[in-house]
Amino acid sequence: PALLAGWYAADLASGLVHMYLDYKPCRPGTGLKELYFWEGPRDSAEFLKRQAEVYARISPFERLVYDFKKHHPFPDLLGRHSFLHLMKVPTFIAVLPLSLILTLVFALTRPPGWLMVGTVVFLLGSAMTQAFHGALHRDDVGAPLRLMRRMGLAMTRRSHQLHHDALTRDFAVINGWSNPLVNVCAATLLRTGAIRAEGL
């Protein structure tokens, strides 16, 4: 039960973070809107020069937010990144500091084994969130992930396509178990105006 609870919690975290990043507005006046709606080739010298200028003006967090938005019209971009590239941002920004804090807390408090097991599974799943997300945008995922998908422990491309079709639901990217809860949160936040469609 602790393994499954930790895996559910990691999926829930992936869905809530994904929803937040999808709907967080980019700062106006940075040039990101121009890049997003660029109509010419994106491998041209002109585009790459403009992109470098814009990226130099924004923070790493703003680039992360923009990358989430950019993968909606160009979903295959995410699938081109390596496993390690996709793991580094969630690992070093969120999971590593949290795991160090929890290691200290657990060393001082000696919690029950089931809590430590669930926490470790949660941290591992959270660290690999973007790797799972990237795998939803490519076909060559390898035997371990194909097995996890057959067992219902990992999401399929078809399941994730529901998110791309609507952009208002199914934000979780690990296994989708938490999508019913995340969908209620998203619908409520959209209805109350806490998040707005323009943020996409």
Side-chain angles (χ1 to χ4, degrees), residues 4-38 54-55 57-79 86 89-95 97-99 101-102 118-119 121-123 125-137 152-200:
L4 295 175
W7 203 234
Y8 177 90
D11 186 63
L12 178 61
S14 81
L16 293 173
V17 169
H18 189 169
M19 178 181 62
Y20 170 75
L21 292 174
D22 274 1
Y23 280 92
K24 175 160 181 22
C26 290
R27 185 163 46 98
T30 58
L32 287 172
K33 184 176 180 180
E34 180 185 345
L35 290 183
Y36 188 86
F37 292 106
W38 188 274
V54 171
Y55 282 3
R57 285 198 296 268
I58 62 175
S59 70
F61 179 71
E62 287 175 304
R63 182 168 175 188
L64 176 68
V65 170
Y66 173 69
D67 282 345
F68 259 78
K69 296 175 191 321
K70 182 176 68 174
H71 104 276
H72 288 143
F74 306 103
D76 293 344
L77 288 177
L78 195 61
L86 291 168
V89 171
T91 300
F92 289 106
I93 288 181
V95 177
L98 180 59
S99 66
I101 291 166
L102 289 174
T119 301
V121 170
F122 166 72
L123 291 170
S126 297
M128 297 187 334
T129 294
Q130 276 299 83
F132 279 108
H133 194 180
L136 292 168
H137 293 288
L153 295 171
M155 193 174 230
T156 64
R157 286 190 77 168
R158 175 184 269 170
S159 296
H160 184 57
Q161 187 59 44
L162 295 172
H163 168 69
H164 282 265
D165 290 343
L167 299 180
T168 57
R169 54 173 289 190
D170 297 325
F171 294 90
V173 295
I174 295 178
N175 52 49
W177 298 349
S178 69
N179 272 330
L181 177 58
V182 177
N183 289 347
V184 169
C185 292
T188 302
L189 293 170
L190 283 165
R191 190 173 58 252
T192 60
I195 59 176
R196 299 169 62 88
E198 305 91 82
L200 285 168

Identify the heavy atoms of H133 and H137 that sit nearest to each other, and give their distance. O-CD2, 3.3 Å
From Y66 OH over to R27 CZ, what is the distance, rounded to the nearest 0.5 angstrom? 14.5 Å
d(H72 NE2, L167 CG) to nearest 0.5 Å is 5.0 Å
With distance as the sole criterion, is a donor-acceptor pair present between the side chains of H164 and Q161 under 3.5 Å? no
Are T168 and Y23 packed together at the side-chain level, in the sense that at least one heavy-atom pair is separated by less than 4.5 angstrom? yes
Any non-hydrogen side-chain atom of M155 less than 4.5 Å from a side-chain atom of F132? no
Sequence neighbours excluded, the answer for salt bridge (Lys or Arg N to Asp or Glu O under 4.0 Å) partners of R157 is D139
Taking H18 for its side chain and F171 for its backbone only, find out whether a donor-acceptor pair lies under 3.5 Å. yes
Of all residues at least two apart in sequence or in a different chain, which pass the side-chain contact (heavy atoms from CB on, under 4.5 Å) check with D170? L162, H163, N179, N183
Rounded to the nearest 0.5 Å, what separation is found between the CG atom of L200 and the NZ atom of K24? 13.5 Å
Cut-off 3.5 Å, side chains only: do D67 and H71 have a donor facing an acceptor? no
To the nearest 0.5 Å, what is the distance between CD1 on I174 and OG on S126? 6.0 Å
Value rounded to 0.5 Å, distance of CG in D11 from OG1 in T129: 8.5 Å
N/O donor-acceptor pair under 3.5 Å between W177 side chain and G152 backbone: yes
Trace of the side chain to side chain contact (heavy atoms under 4.5 Å, CB included) decision for I195 with L190: CA-CA 5 Å; I195 59 176; L190 283 165; 3.8 Å; yes
Should L4 and Y8 count as side-chain neighbours, where that means a heavy-atom distance under 4.5 Å? no
When you look at CZ of R57, are more than 12 heavy atoms from neighbouring residues, nucleotides or ligands closer to it than 6.0 Å? yes
Are any side-chain N or O atoms of S59 and backbone N or O atoms of E62, one a donor and one an acceptor, separated by less than 3.5 Å? yes
Please check this pair: side chain of E34 against backbone of G31, looking for a donor-acceptor N/O pair closer than 3.5 Å. no
Any side-chain heavy-atom pair of F61 and L21 under 4.5 Å: yes
Looking at P25, is its backbone amide N or carbonyl O close enough to the side chain of K69 to form a donor-acceptor pair, meaning the two atoms are under 3.5 Å apart? no
Quick check for you: to the nearest 0.5 Å, what is the distance between L123 atom CG and M128 atom CE? 12.0 Å
Testing the basics here: between P73 and Y36, what is the closest heavy-atom pair and its distance to 0.1 Å? CD-OH, 3.4 Å
Taking every non-hydrogen atom, the tightest pair across V54 and L32: CG1-CD2, 3.6 Å
Taking all non-hydrogen atoms of both residues into account, name the closest pair between G125 and W7 and its distance. CA-CZ3, 3.6 Å
